[in-house]
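Beneath this line is the structure, given in structure tokens, with notes to follow.
Just so you know, ligand 1 is whichever comes first in the structure, and atom 1 is the first atom listed for that ligand. Position 1 is the first residue of the sequence; numbering continues from there.
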Amino acid sequence: MTPAPALKVLIVEDQPFDAELMVLRLQDEGFAFDWQRVQTEADYLAALHPTPDLILSDWRMPRFSGLRALELLRGHGCDIPFIIVSGSIGEEAAIDAIRCGASDYVLKDRPARLGEAVRRALSEHAMRARHSQAQAQIDFLAHHDALTRLPNRNLFLDRLEHALARTRRERQALAVLFVDLDRFKAVNDTLGHQVGDALLLEVTRRMLTAVRANDTLARIGGDEFLLLLESDATAQHAATVAGKIIELLTRPVAIDGQELIVTASIGISLYPEDGDDGGTLIRHADLAMYEAKEQGRNNFQFFTRALNEGALERLVMENALRGAVARNELTLHYQPQVDLASGTLVSVEALVRWAHPVHGLVPPGTFIPLAEDIGVIGDIGAWVLQTACRQLVDWDARGFSVPRVAVNLSTRQIDRDGLVAQVSQILDDTGLPATRLELEVTESMLIRDPAHSKTVLGALKALGVHLSVDDFGTGYSSLAYLKLLPLDRLKIDQSFVCDIGRDSNDETIIRAIIALGRSLGLETVAEGVEKPQQAEFLLHEGSQIAQGYHYARPAPAPEIETTWHVAAPTAASGK
Ligand code: C2E
Ligand code: CA
Ligand code: CA
């Protein structure tokens, strides 16, 4: 163990003998220290560097005074225990001294008190130091991210506002970069938070090498960073920095013996072009970042007015969509599915449309993802199920019997509990036999949580409902897994069908799907059949059912009824 460094004591005293007495006294009390005596202002100031640990000072001296020594100390802004040791300090002067920052005073004719006064002054000082250290740490944490030690959102906003004020005055430019790591959540979820944290630290380290000393890099959320570029913040420079960050991140990171690759999407907004306050600049950089994600991630995008309009449009749409079910703005179109061999109607697929008061009929591809995002897909899904089932019963009553109706499910509907009860309730309410309802799910929905999907599909199957896999061939299904599910049909995705006659690869895939269906005991439904040659090919290869413009476009219920009631008065019964 290294011995504690000796105290450095500065004695301000014109009488060498008095100084010696103090030293002896303290040594007697067991203090180990180095000391130095001064008696003028100039020597005193020089002796403050490096700072002593303790000052013992006379009050009145011929060329200097304790009060002046205290004032100078305060002027230096240093906190050093300071004890007046005087032969004659009066009560009032003593109060002045304490007020000016002296820790204590000791009368020369009562030297026995010196040791105790020193001990107390030192321990109070140590406590103050610990306190201010804790305070500094609290301040730091309030403005920084604990993991990366980067500034947090608050400090970033603060720096941004200051930078803006300066930039405005000097008519300069600045840039804000919004950096979001791609698929970081997957790393956290699959490899754990420790690996996630290590990755974040490495990402931070790399990003810091891409920026200049006066730029501010802040971490504002799990995998979100903001970067403020202040000097030479032209579009060109911002693009260079963004490009450099992307480049630095694409190099693999080795953590725990694994090679990880994390990429980033970056959005850039510039002052003054893209906004003149901090909030707007950040929001616009954020929008641009989303555009970078849309563009396939691992790239950067500049904010544009069009992005803003897009976001505004989306917001307006969101608000309108929230009330769409209640305002009766949804309607269903039905698209016939026909038996390839006989051309008879075997089913209709219900396809939802939103009759938007301003935009007209909005296709589901536009608003279903939005509905999923804002959490109204449950209401919409329930409405579609209810309406489609009731339609079949209505048609029955009018003597137009459609064997089956297929309804699309969304991921959220499968994920949420209560789907089975809901379906069963709707079948009860409408009186439609379960075998006349078919539910379409996609491979990706099933794969997300295989155990849960299996339970839900099993329960639906137990009700008697038919199940089909939509857009088959486009997802990642494990064939072994498909075998375990109680399915009835595979719907061959239209992207394969549309290339029949043009792309032999797609024809091969279609043959394989039909063969797979056959071996699993499933029917195949070809989607997007637009041409007679496609229908011929599919029939020849052994697919049973077809759907597409070649037969009929999706249409409102009355139109389906007029066209198909006459054309197919006796529809085949369900499977
Ligand atoms: P999907 O289930 O694959 O539906 C087939 C889509 O292909 C429909 O588009 C249909 O109009 C279109 N289509 C049909 N025949 C042809 C053809 O011969 N050629 C071409 N090019 N297209 C054809 P739509 O109605 O715009 O629906 C798009 C998607 O929206 C649907 O794809 C489905 O995933 C989703 N969707 C529709 N209705 C609902 C619903 O009620 N709930 C949920 N969750 N999703 C729905
Ligand atoms: Ca479908
Ligand atoms: Ca489909």
Side-chain angles (χ1 to χ4, degrees), residues 321 324-325 329-338 340 347-356 359-391 404-416 419 422-423 426 437-446 466-475 477 487-500 510 513 524-535 538 543 545-557 559-560:
L321 187 55
V325 175
E329 289 171 1
L330 296 184
T331 108
L332 288 187
H333 282 186
Y334 296 87
Q335 186 176 33
Q337 293 182 353
V338 302
L340 262 166
S347 179
V348 291
E349 177 175 2
L351 295 160
V352 69
R353 273 97 185 88
W354 175 20
H356 188 280
H359 298 289
L361 270 200
V362 184
T366 311
F367 73 89
I368 292 286
L370 198 60
E372 289 180 338
D373 277 1
I374 65 173
V376 298
I377 190 68
D379 291 349
I380 294 180
W383 180 87
V384 170
L385 266 169
Q386 174 91 29
T387 310
C389 292
R390 179 162 303 138
Q391 184 62 60
R404 217 167 40 231
V405 65
V407 171
N408 293 282
L409 289 185
S410 118
T411 315
R412 298 292 169 92
Q413 284 171 283
I414 295 249
D415 287 352
R416 206 180 292 163
L419 175 67
Q422 184 184 53
V423 169
I426 288 173
L437 174 64
E438 174 165 7
L439 296 175
E440 298 192 359
V441 295
T442 62
E443 295 159 273
S444 52
M445 281 177 176
L446 302 178
H466 287 211
L467 299 168
S468 60
V469 181
D470 205 356
D471 307 338
F472 190 77
T474 60
S477 42
L487 300 169
D488 298 277
R489 279 170 207 96
L490 299 178
K491 295 188 76 177
I492 306 170
D493 190 66
Q494 51 190 35
S495 60
F496 305 119
V497 174
C498 81
D499 282 335
I500 290 175
I510 293 178
I513 295 176
T524 41
V525 181
E527 291 187 284
V529 179
E530 295 183 354
K531 300 191 188 101
Q533 308 89 282
Q534 295 167 340
L538 290 159
S543 177
I545 302 172
Q547 173 182 356
Y549 298 168
H550 174 57
Y551 302 97
R553 291 184 178 252
E559 212 173 291
I560 298 289

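- In terms of N/O distances under 3.5 Å, ligand 1 is not approached by Gln413.
- Within Glu349, the N, O or S atom at minimum distance from the Ca ion (ligand 2) carries the name OE2.
- Listed by number with element, the atoms of ligand 1 under 4.0 angstrom from any heavy atom of Glu349 are 2 (O), 4 (O).
- Close approach of ligand 1 to Asp471 is summarised as follows: ligand atoms under 4.0 Å from at least one heavy atom of the residue are 3 (O).
- A salt bridge is defined here as a Lys NZ or Arg NE, NH1 or NH2 lying under 4.0 Å from an Asp or Glu carboxylate O, and Lys491 with Glu438 fails to meet this definition.
- When every heavy atom of Ser543 is checked against every heavy atom of Leu340, the shortest pair comes out as O-CD1, 3.2 Å.
- Across Val497 and Gln534, no two heavy atoms sit closer than the pair O-NE2, 3.3 Å.
- When only non-hydrogen protein atoms are considered, atom 24 (P) of ligand 1 lies nearest to Pro364 CG, 3.7 Å.
- Heavy atoms of Lys491 come nearer than 4.0 angstrom to ligand 1 in no pair at all.
- Of all atoms in ligand 1, numbered sequentially from 1 with element shown, those under 4.0 Å from a heavy atom of Gly528 are 16 (C), 17 (C), 18 (O).
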Exercise for the section: For Thr366 and Leu370, run side-chain contact (heavy atoms from CB on, under 4.5 Å): C-alpha distance rounded to whole Å, both residues' side-chain angles, the deciding distance at 0.1 Å, then the answer. Expected result: CA-CA 7 Å; Thr366 311; Leu370 198 60; over 6 Å; no

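- Neither the backbone nor the side chain of Val407 has any atom closer than 4.0 Å to an atom of ligand 1 (non-hydrogen atoms only).
- Ranking the protein heavy atoms by distance from atom 45 (N) of ligand 1 puts Asn408 CB, 3.7 Å first.
- Distance from atom 18 (O) of ligand 1 to its nearest protein heavy atom, with residue and atom name: Tyr549 N, 2.8 Å.
- The presence of a protein heavy atom under 4.0 Å from atom 32 (O) of ligand 1 is ruled out.
- Under 4.0 Å from ligand 1, the heavy atoms of Glu527 that appear belong solely to its side chain.
- Taking the N/O/S atoms of Glu440 in turn, the shortest distance to the Ca ion (ligand 2) belongs to OE1.
- Close contacts between ligand 1 and Gly548 involve ligand atoms 15 (N), 18 (O) [criterion: under 4.0 Å to a heavy atom].
- Residue-level proximity to ligand 1 for Arg353 is carried by the side chain, the only part with a heavy atom below 4.0 angstrom.
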Exercise for the section: Let me see the working for Gln422 and Ile426 under side-chain contact (heavy atoms from CB on, under 4.5 Å), right down to the final yes or no. Expected result: CA-CA 6 Å; Gln422 184 184 53; Ile426 288 173; 4.1 Å; yes

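- Contacts with ligand 1 closer than 4.0 Å are made by backbone heavy atoms (N, CA, C, O) of Leu409 only, the side chain lying farther away.
- The nearest protein atom to atom 8 (C) of ligand 1, hydrogens excluded, is given as Leu351 CD1, 3.9 Å; this is a heavy-atom distance.
- Contact annotation: Asp470 places an N, O or S atom under 3.0 Å from the Ca ion (ligand 2).
- Across Pro369 and Pro364, no two heavy atoms sit closer than the pair CD-O, 3.6 Å.
- Remark: minimum distance from atom 20 (C) of ligand 1 to any protein heavy atom is reached at Glu530 OE2, 3.3 Å.
- Counting only distance, with no hydrogens or angles, the side chain of Asp488 and the backbone of Leu467 share a donor-acceptor pair below 3.5 Å.
- From Leu385, atom CG reaches atom CG of Leu437 across 6.5 Å, with rounding to the nearest 0.5 Å.
- Gln386 places no side-chain N or O within donor-acceptor distance of the main-chain N or O of Ala382, the cut-off being under 3.5 Å.
- The nearest N, O or S atom of Glu527 is closer to the Ca ion (ligand 3) than 3.0 Å.
- For atom 11 (O) of ligand 1, the closest heavy atom belonging to the protein is Pro554 CG, 3.3 Å.
- Looking at Arg353, its side chain never comes within 3.5 Å of a backbone N or O of Leu361 through a donor-acceptor pair.
- No side-chain donor-acceptor contact under 3.5 Å links Glu527 and Gln494.
- Atom 12 (C) of ligand 1 has its closest protein heavy atom at Gln494 OE1, 4.2 Å.
- Contacts of Ser410 with ligand 1, taken as heavy-atom pairs under 4.0 Å, involve both backbone and side chain.
- Here the shortest heavy-atom pairing between Glu443 and Gly473 reads OE1-N, 3.2 Å.
- In terms of heavy atoms, Gln547 sits closest to Pro336 at CG-O, 3.7 Å.
- Below 30°, between 30° and 60°, or above 60°: for Trp354 and His356 the angle between ring planes is above 60°, a perpendicular geometry.
- At least one N or O atom of Val352 sits closer than 3.5 Å to an N or O atom of ligand 1.
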Practice task
Give the C-alpha distance, both sets of side-chain angles, the deciding distance and a yes or no for side-chain contact (heavy atoms from CB on, under 4.5 Å) between Phe367 and Val352.
Solution key: CA-CA 10 Å; Phe367 73 89; Val352 69; 3.7 Å; yes

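- One of the N, O or S atoms belonging to Asp471 lies under 3.0 Å away from the Ca ion (ligand 3).
- Using a 4.0 Å cut-off between heavy atoms, Gln335 contacts ligand 1 through its side chain alone, with no backbone atom that close.
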